[in-house]
Structures are given as C-alpha cells and as structure tokens.
There are 2 protein chains.
Amino acid sequence: MTISVVLAEDQGMVLGAFAALLRLEPDLDVVATATDGHKALAAVLEHDPDVLVTDVEMPGISGLDVAAALRRDGHRARVVIVTTFARSGYLRRAMDSGVAGYVLKDAPIDQLVGVVRRVHAGERVVDPQLAMAAWDSADPMTDRERDVLRLAADGLPNGEIAARLHLAEGTVRNYLSTAITKLGVRNRIEAARLARDRGWL
Amino acid sequence: MTISVVLAEDQGMVLGAFAALLRLEPDLDVVATATDGHKALAAVLEHDPDVLVTDVEMPGISGLDVAAALRRDGHRARVVIVTTFARSGYLRRAMDSGVAGYVLKDAPIDQLVGVVRRVHAGERVVDPQLAMAAWDSADPMTDRERDVLRLAADGLPNGEIAARLHLAEGTVRNYLSTAITKLGVRNRIEAARLARDRGWL
DNA sequence: GGTTGCGGCTGACGAATGTCACGGTTGTCG
DNA sequence: CGACAACCGTGACATTCGTCAGCCGCAACC
C-alpha cells in the first residue's frame with residue numbers, strides 16, 4: 001500500500017528536487033506539489049493525501065498556518081514540517097498545531113523519507129537536539145510587546161507604531177524598553193534579531 | 001564524454017536532493033559534494049571538475065569568494081551560482097568574479113541541469129529577468145557608508161561603530177544619514193533591510 | 001592655475017529612542 | 001475580602017539618533 005504525499009515548498013528548484021527524490025521511493029506517491037500555503041491547503045483538500053510535507057516560510061500563509069487549519073477542520077492528513085533553521089519558537093507552534101513531524105533541512109536527505117514513513121505509521125517525530133533546545137527557551141514577551149517589536153523590526157518609527165496600535169507614543173517606547181530588557185540586548189535592532197532567530201515574531 | 005561536477009550547498013537535505021537529481025543525468029558525474037566554502041574549494045582542487053555548482057550563502061567563505069579564488073589561481077573549473085534571492089548586488093559581484101552561470105532556486109529544477117551543460121559548452125548563462133534588474137540598481141553608497149551601515153545593521157550603537165572604525169561619533173551619524181537619504185528610507189533599520197535585499201552589504 | 005565636484009571627516013542642534021516611576025485592571029490564592 | 005502578581009497603559013526625563021552647514025584633500029577638466 002503506497003503512501004500518498006502532497007509537497008509544499010516555495011523555492012521551485014528545491015521543490016522539484018524533493019519531489020523527484022520522493023518519487024524514487026516505490027512506496028511513496030507524490031500526488032501534488034504547491035509553491036505557497038494557499039495552494040498547499042487547496043491541494044490537500046482536493047487530493048486527500050496521507051501526508052503533507054511543507055516548508056514553514058512561504059509567501060501568503062505559512063506551513064504552520066496550514067497545519068493549524070487542517071487540524072481545526074479535523075482533516076486526516078498528517079503534517080511534516082521541513083524547515084531551514086532550528087527556531088525553537090516554530091517548533092512550539094508546530095506542536096500546538098498538531099504537527100506530526102519536524103525535520104531540518106540541515107539533516108541528511110534520507111531522513112525525509114524515513115520521517116514520512118514513520119509519521120504515516122502513527123509516530124510523532126522531532127529532531128531530538130531541536131526538542132531539547134525548545135525547552136529552555138520560552139518566549140518571555142507579552143502579546144503587546146511582541147506586537148510592538150514586530151512593527152519596530154520593520155523599521156517603523158514609534159509614532160507610526162503607536163498610531164497603528166492606537167496607543168500613546170510613550171506606551172510604545174515602554175513596551176520596547178521592557179522587551180529590550182527581557183531579551184538582554186541594547187536596542188530594538190538587536191531585540192528584533194534575537195526574537196526572529198528564536199521564532200518569536 | 002561526461003561532465004564532472006562538484007556540488008556545494010550548506011543545507012544537507014537540499015544538497016542531497018540536488019546531488020541525487022544530477023546523478024540521474026547520464027552525462028553528468030557528481031564527483032564530490034561540500035557543505036561550506038572551504039570544503040568546496042578543497043574539493044575542486046582535489047578533483048579538478050569541469051563545473052562547480054555552489055550556493056552563495058554558506059558558513060565560512062561564500063560561494064562568490066570561492067569563485068573569486070578559483071579565478072585568481074587560474075583554475076579551469078567553470079562556476080555556476082545557485083542562490084535563493086534575486087539580489088542584484090550578488091550578481092554584479094558574481095560577474096566580477098568570472099562566474100559562468102547564475103541560477104535562482106525559484107526556477108524550475110530542469111534549468112539547473114540545462115545551465116550546467118550550457119556552461120560546460122562555453123556559454124555564459126544568467127537568468128534574463130535578473131540580468132535586467134541588475135542594470136538599473138547600482139549601489140549608490142560609498143565604501144565608508146557601507147562600512148557603517150553594515151555595523152549598524154547588527155544593532156551596534158553609533159558610539160561603538162565609531163570606536164571600531166576609529167571615527168568621531170558625529171561622523172558615523174553623518175554617514176548613516178547620507179546612506180538613509182540615498183536609499184530613500186526613514187531610518188537605519190529600513191536602510192539595512194533595503195541594502196541587504198539588494199546584496200549591497 | 002582656477003574651479004568644479006566628490007568623498008572623508010567633524011561639531012552643533014532638533015527629533016526620535018530608551019528608561020523610569022507611576023496608576024488602573026484583572027485574576028489568583030490564602 | 002485582602003494581598004499579591006502580572007499585564008496594560010501613560011507622561012517626564014536623559015540618551016541616542018538623524019540632519020545640517022561646513023572644512024579639508026584630491027582628481028578632473030577647461
């Protein structure tokens with residue numbers, strides 16, 4: 001019995017390479033591919049595959065959002081996330097979204113096929129060293145601090161951030177200040193870098 | 001007659017997928033793979049391949065640096081750059097380094113094989129729409145402005161930037177100001193984003 | 001030789017950012 | 001209930017950042 005797979009990845013060349021590779025496995029059947037989150041979701045609904053293999057960072061909606069949507073609708077497809085960086089925040093959100101597997105693009109290629117099979121067999125598979133890292137790095141920021149930092153990271157000045165969030169400018173400064181302190185950095189730029197690297201934005 | 005290829009790419013899974021794919025072509029022979037710039041350079045020197053296919057962004061030295069080193073030593077290997085983003089600054093540097101081919105990971109997978117063959121045949125191949133973009137987007141910044149912006153992008157405050165470059169703090173502020181004006185943005189954060197996206201840092 | 005333009009460099013000054021002390025609301029626990 | 005802790009929100013104040021006017025050296029050009 002073959003395992004049907006939908007594959008989503010925004011870089012066409014990588015998508016093509018992964019697809020070609022999975023097709024070499026006799027027990028796997030790549031029934032569709034997609035280059036963004038919306039198309040991935042549509043492809044899953046249309047083809048009802050056993051497994052969805054998806055990148056996190058894609059144009060439009062992310063792979064994590066697709067996983068959350070499938071879980072909400074009670075869809076049977078099991079989701080494997082394949083991503084570039086070991087961002088522990090992503091892993092946490094992935095777990096909350098009921099993702100079944102989490103693999104790094106740094107890993108050897110054989111892992112991908114193996115994880116697809118194990119996930120289809122009912123296991124939940126996470127890169128072990130990544131699972132460790134997720135524990136001791138919980139996001140210390142509050143929702144408001146995250147909102148403000150997200151906008152600050154795009155280069156918006158405080159005044160504009162305040163306008164968008166309907167806050168006083170002093171309030172925006174204060175949230176940024178607490179975020180900077182909590183993260184142990186010197187200014188908004190370093191705060192944004194650190195938070196992004198950890199997957200907290 | 002087969003074309004011998006060395007393949008360099010830091011993400012193990014992508015490297016494996018590309019390698020597997022190139023090996024499917026009867027006229028291509030992948031003689032070695034590498035996961036960073038140093039290993040790529042060593043592999044080329046050891047195996048003397050016809051073509052080196054390499055990513056730009058890798059730990060240690062970049063693919064562009066490898067290309068420049070090979071050119072300097074007068075090595076016969078022809079270089080194909082495969083990269084994620086259409087950063088026109090990279091393309092410019094690639095051309096200066098004597099790179100023979102430049103492909104985007106967004107492109108379909110068939111292009112990679114095609115470009116390797118065409119490059120081996122003596123052609124110089126660049127994604128056409130990318131070549132257009134490179135023309136009208138020359139870096140308007142001076143060397144000093146670039147130095148300062150690079151450090152500012154890492155979140156260093158002006159005082160520390162000044163110390164590292166042996167400048168007065170006012171001078172640093174001024175370079176950043178001119179850079180911000182030239183790029184047509186509002187502050188250092190937006191300037192850093194824009195310059196990075198264009199490959200100017 | 002004059003002058004025109006560009007890049008490196010600087011200090012002064014207004015504008016934005018970061019810090020601090022504080023009040024209001026909500027939820028939890030003894 | 002009262003005490004406590006956590007988060008949201010604000011204005012005042014010091015620090016940092018961004019802009020401006022200007023000086024120097026150098027190369028291009030008539």
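Every chain is numbered from 1 and lettered A, B, ... according to where its sequence line falls, protein lines coming before strand lines. In this text, all values refer to a predicted model and were calculated from it rather than measured experimentally.
Residues Val53(A) and Phe18(A) have side chains not in contact (no heavy-atom distance under 4.5 Å, counting atoms from C-beta outward). Between Asp50(A) and Ser4(A) there is a side-chain heavy-atom pair separated by less than 4.5 Å. Under the 4.5 Å side-chain criterion, counting only non-hydrogen atoms from C-beta, Trp200(A) is in contact with Leu183(A). With contacts defined as side-chain heavy-atom distances shorter than 4.5 Å, the pair Tyr102(B)/Thr83(B) qualifies. Residues Thr178(A) and Met141(A) are not in side-chain contact: their nearest non-hydrogen atoms beyond the backbone lie 4.5 Å or more apart.
Across all strands, Arg144(A) comes closer than 4.0 Å only to sugar-phosphate atoms, never to a base (heavy-atom distances). Across all strands, Thr171(B) comes closer than 4.0 Å to base atoms (heavy-atom distances).
Atom CD of Glu190(B) and atom P of dT17(C) are 11 Å apart (whole Å). Taking atom CZ of Arg186(A) as the reference point, atom C1' of dG18(C) lies 14 Å away to the nearest angstrom.
Taking both residues in full, the closest heavy atoms of Val44(B) and Pro49(B) are given as O-CD, 3.4 Å, listed atom of the first, atom of the second, then distance. Across all their heavy atoms, Glu9(B) and Met58(B) have their closest contact at N-SD, 3.9 Å.
At a non-hydrogen distance threshold of 4.0 Å, nothing from residues 155-166 of chain B comes into contact with DNA chain C. Within residues 174-183 of chain A, the residues that place at least one heavy atom under 4.0 Å from DNA chain C are, in residue-number order, Asn174(A), Ser177(A).
Contact between the side-chain N/O atoms of Arg188(A) and the OP1/OP2 oxygens of dT17(C) is found at a separation under 4.0 Å.
Put simply, CD on Glu123(B) and CZ on Arg78(B) are 9.5 Å apart, with the number rounded to the nearest 0.5 Å. Summarising the geometry, atom CG belonging to Leu112(A) is positioned 5.0 Å from atom CE belonging to Met13(B); distances are rounded to the nearest 0.5 Å. For the atom pair CG of Asp55(A) and CG of Asp10(A), the computed distance is 5.5 Å after rounding to the nearest 0.5 Å.
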Just the table, please: protein N/O against nucleotides 24-27 of chain C N/O, every pair under 3.5 Å.
none

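Using a 4.0 Å cutoff to heavy atoms of chain A, the contacted part of DNA chain D runs 5' to 3' from dC7(D) to dG11(D).
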Result block: side-chain N/O donor-acceptor pairs under 3.5 angstrom for residues 65-74 of chain B, not counting sequence neighbours:
unit_1, atom_1, unit_2, atom_2, d
Asp65(B), OD2, Ser62(B), N, 3.4
Asp65(B), OD2, Ser62(B), OG, 3.4

Could you list the donor-acceptor pairs under 3.5 angstrom formed by side chains in residues 152-159 of chain A, with sequence neighbours left out?
unit_1, atom_1, unit_2, atom_2, d
Asn158(A), OD1, Arg188(A), NH1, 3.2
Asn158(A), OD1, Arg188(A), NH2, 2.8

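Sequence order on DNA chain C of the closest nucleotides to Arg173(B) and Leu167(B) puts Leu167(B) first from the 5' end. Between Asn187(B) and Thr142(B), the residue anchored closer to the 5' end of DNA chain C is Thr142(B), taking for each the nucleotide with the nearest heavy atom.
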>> Evaluate Leu91(A) against Met95(A) for side chain to side chain contact (heavy atoms under 4.5 Å, CB included), listing each step before the verdict.
In response: CA-CA 6 Å; Leu91(A) 178 57; Met95(A) 286 306 155; 3.7 Å; yes

